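These notes concern the structure reproduced below.
Ligands are counted one by one from 1 in listed order, and the atoms in each one are counted from 1 as well. Since the model is a prediction, treat every value here as computed from it, not as a measurement. Only this structure's heavy atoms are used, side chains among them; waters, hydrogens and symmetry mates stay out.
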Amino acid sequence: MKTLRSYLSGRWIEGSGEPQTLVNPATEEPLAQVTSDSLDLPASLGYARDKGGPALRALTFAERGTLLKDMAKAIQAHRDELLDLAVANGGNTRSDAKFDVDGAIFTLQTFAELGEKLGAAKFLIDGEGVQLGRSPRFHGQHVCVPRHGVAVHINAFNFPAWGMAEKAASALLAGMPVLAKPATSSALVAHRVMELFVEKKVLPDGALSLLVGAPRNLAALLGSQDVLAFTGSGDTGARIRSLPNIIQEAVRVNIEADSLNAAVLGPDAEAGGDMYETFLKDVLRDMTQKAGQKCTAIRRVLVPEAQAATVRDDLAEGLKAVRVGNPALEETRMGPLANGAQLADVREGVGKLAAEGKTAFGSPAPIAGKGFFVSPVLMEFARDALATSVHAREVFGPVASLLPYSGRGSDAAAIVARGNGSLVSSVYSEDAEFLEEAVFGIAPYSGRVFLGHPKIEMSPGPGTVLPQLTHGGPGRAGGGEELGGARSLAFYMQRVALEGSRPVIQKLLGLQSA
Ligand code: NAP
């Protein structure tokens, strides 16, 4: 069986000790094994800081952008191979796999273009300069410079290619070296991507390292110039955030965690109409794409009470047509969950929802044979139900809950807010008054609000994260913020206020003296 090696301190290296086995979640066939025991993590972080950092900082934004472009090209050239790996190791259908791999390519390309736009500079000028005294001579100017540490990126199992690429794109463009740690169960794709970068020599030595296997004490080794971007469960996020070094050294941390995303159907969207159909399509796509294992997937479906039975029946009809099975087969529309722990967690979560609501479609019951399969499940709650689980328990699988509401935007917003922070909420309506109440009521509790509309061509729906917009959400969602074009660079840079003589500062920064 293949043994995965880490790429640390500029070379491939194998850990020793008890390995974990990566399997095909559709067949449970072992695919590879990995261990990170015995790897020298402090030395690996040091190598990234000392070798990769200076090499990246010596480059302009445009030059760093070229690196990202070459990374995108390396993935593109091996796209089919990566899609096959995602099908085998991630339980992805081919379409799920494209979502991950093409998402990685697109994000790298988008940040490569941003690098080109930022041009020959090596740091960012942040806003206008300000006059600080009576005379214009006393001047202030904010600038952002790359931090001198290493950016550690810890990713979840569901997007091994995109997760690695979207974080690395921002950090490398900002001028910080990266040590990426993919989730172990689906690490084959990220591992192959790293092999491609190394084979094609697309990055300077030390700019990107890869740790496969358990994270061990990685987060505890970070200091004040380092940053940590984490995607995964809220519990792990909280554990990382409370590590003594993270607190004492004020290590900058970005957490992308759980989310109970909501889709709200407006009272004007009548059954059978275009808006209604758009809403149904988005809910069905989010429930089944990647078997619902998307942090942005719709979990709570808010529908005016008068429409609830129709929506329930239409969703059940749509779910009935979803063929669950081995994603290697062309007819399969939904593959298995990523691993056995996920399957157990989904079953347990549906049990919690079922204690307070009714099952409208499907069941979490075991499916005979090998693989971590579960059917899609639609739960149903009564209007004004005092249920807590539906607003507190993210069931990370093909599971959503129908929640009838009064039809007023402010009532819908109050229900969405009970989720205590989401990555994305979506609203389907053209009624101006409803939209104002719903969108501005939901906005403080959401990282993104998607206004669904049938006239948006090729709409990806709320579940797709685009690199131009920020990704992250308050509260339960972790309070983080990634992507969003140039905004994301700030996380990897130190904003410093320069204060002094205006001509001196302007000369230092290469600005025209006015
Ligand atoms: P998890 O157990 O928290 O694992 C996530 C990552 O953290 C993995 O790489 C894992 O490594 C690593 N990890 C585990 N314990 C750690 C520790 N003590 N220190 C440092 N790293 C540690 O999460 P999961 O259950 O695999 O992922 C599913 C969750 O991710 C869901 O709740 C979902 O909502 C969330 N998610 C959020 C987003 C978002 O953008 N907000 C996106 C995707 C997923 P190993 O795999 O080696 O254990």
Side-chain angles (χ1 to χ4, degrees), residues 4 6 15 19-22 34-37 39 41 89-90 99-100 103 152-164 166-167 179-188 190-191 210-222 228-243 245-246 251 253-261 290-299 337-346 348-349 392-397 399 419 421-424 446-448 463-465 470-483:
L4 299 187
S6 291
Q20 296 182 64
T21 303
L22 281 64
V34 62
T35 177
S36 61
D37 290 359
L39 298 178
L41 300 184
N89 184 212
F99 191 46
D100 183 33
V152 166
H153 292 163
I154 299 178
N155 280 309
F157 63 79
N158 54 349
F159 285 99
W162 175 80
M164 179 169 160
E166 60 98 10
K167 284 186 170 64
L179 187 147
K181 202 231 83 62
T184 303
S185 68
S186 62
L188 272 174
H191 184 265
L210 182 82
L211 173 67
V212 283
R216 296 182 30 226
N217 64 340
L218 182 63
L221 298 171
L222 302 183
L228 173 66
F230 167 82
T231 297
S233 66
D235 287 347
T236 311
R239 222 170 303 139
I240 287 175
R241 222 196 275 275
S242 53
L243 288 170
N245 64 308
I246 299 285
V251 178
V253 174
N254 192 78
I255 306 271
E256 299 290 349
D258 312 348
S259 183
L260 287 152
N261 313 297
K290 285 195 148 265
Q293 299 166 112
K294 269 184 345 194
C295 53
T296 49
I298 296 165
R299 306 286 175 203
L337 297 176
N339 55 55
Q342 269 300 115
L343 179 60
D345 188 64
V346 165
E348 198 249 354
R393 176 69 160 85
E394 181 201 42
V395 184
F396 207 59
V399 180
S422 303
L423 294 170
V424 56
S446 309
R448 178 160 57 91
T464 298
V465 173
T470 53
H471 170 61
R476 179 187 311 284
E481 212 175 73
E482 288 184 336
L483 298 172

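For the pair K294 and F159, the NZ or CZ position fails the cation-pi test of under 6.0 Å to the six-membered ring centre and within 45 degrees of the ring normal.
Atom numbering of ligand 1 starts at 1 in the shown order; those under 4.0 Å from a heavy atom of A183 are 8 (C), 9 (O), 46 (O). Numbered from 1 in the order shown, with element, the atoms of ligand 1 that lie under 4.0 Å from a heavy atom of S233 read 1 (P), 3 (O), 23 (O), 29 (C), 30 (O), 32 (O). Of all atoms in ligand 1, numbered sequentially from 1 with element shown, those under 4.0 Å from a heavy atom of I154 are 6 (C), 7 (O), 9 (O), 12 (C), 20 (C), 21 (N). Distances below 4.0 Å separate heavy atoms of L423 from the following atoms of ligand 1: 39 (C), 41 (N). The ligand atoms of ligand 1 that sit less than 4.0 angstrom from a heavy atom of C295 are 36 (N), 37 (C), 38 (C), 39 (C), 40 (O), 41 (N), 42 (C), 43 (C), 44 (C). Near G213, the atoms of ligand 1 lying under 4.0 angstrom from a non-hydrogen atom of the residue are 47 (O).
In this structure the side chain of N155 never reaches within 4.5 angstrom of the side chain of K181, judged on heavy atoms. Side-chain contact between D100 and P160 is present, with heavy atoms from C-beta onward closer than 4.5 Å. For the pair R476/L260, a side-chain contact is recorded, criterion being any heavy-atom separation below 4.5 Å from C-beta on. Side-chain contact check for T464 versus T296: every heavy-atom pair is 4.5 Å or farther apart. Residues E482 and N254 meet the side-chain proximity criterion, which asks for heavy atoms closer than 4.5 Å.
Annotation: H471 places an N or O atom under 3.5 Å from an N or O atom of ligand 1; distance criterion only. Any N or O atom pair closer than 3.5 Å counts here, and S259 shares no such pair with ligand 1. The shortest N/O to N/O separation between T236 and ligand 1 falls below 3.5 Å. Ligand 1 has no N or O atom lying under 3.5 Å from any N or O atom of Q20, backbone or side chain. Looking at ligand 1, you won't find any N or O of A156 less than 3.5 Å from one of its N or O atoms.
Looking at T184, N158, D345 and measuring to atom 46 (O) of ligand 1, the nearest heavy atom belongs to T184. Between N261, I240, V34, L243, it is I240 that holds the heavy atom closest to atom 19 (N) of ligand 1.
Of all the heavy atoms in L343 and L337, the pair that sits closest is CA-CD1, 3.6 Å.
At the top of the distance list for atom 18 (N) of ligand 1, counting protein heavy atoms only, stands R239 NH1, 4.1 Å. In terms of protein heavy-atom proximity, atom 9 (O) of ligand 1 is nearest to N155 O, 2.7 Å. Scanning the protein for heavy atoms near atom 11 (O) of ligand 1, the closest one is K181 NZ, 3.1 Å. For atom 28 (C) of ligand 1, the closest heavy atom belonging to the protein is F157 CE2, 3.6 Å. For atom 5 (C) of ligand 1, the closest heavy atom belonging to the protein is T231 O, 3.6 Å. Protein heavy atom in closest approach to atom 41 (N) of ligand 1: A257 O, 3.0 Å. In terms of protein heavy atoms, atom 33 (C) of ligand 1 is closest to F396 CE1, 3.3 Å. In terms of protein heavy atoms, atom 31 (C) of ligand 1 is closest to E394 OE1, 3.6 Å.
Using a 4.0 Å threshold on non-hydrogen atoms, atom 48 (O) of ligand 1 does not count as touching the protein.
For R393, the salt bridge (charged side-chain N to carboxylate O under 4.0 Å, His left out) partners at least two apart in sequence or on another chain are D345, E348. In terms of the side-chain hydrogen bond (donor to acceptor under 3.5 Å, both in side chains) criterion, residue partners of H153 (sequence neighbours excluded) are, by chain and number, Y492.
Between the side chain of N245 and the backbone N or O of A219, at least one donor-acceptor pair lies under 3.5 Å.
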Just do the side-chain hydrogen bond (donor to acceptor under 3.5 Å, both in side chains) check on S259 and N261 with the steps written out, would you? CA-CA 6 Å; S259 183; N261 313 297; 2.5 Å; yes

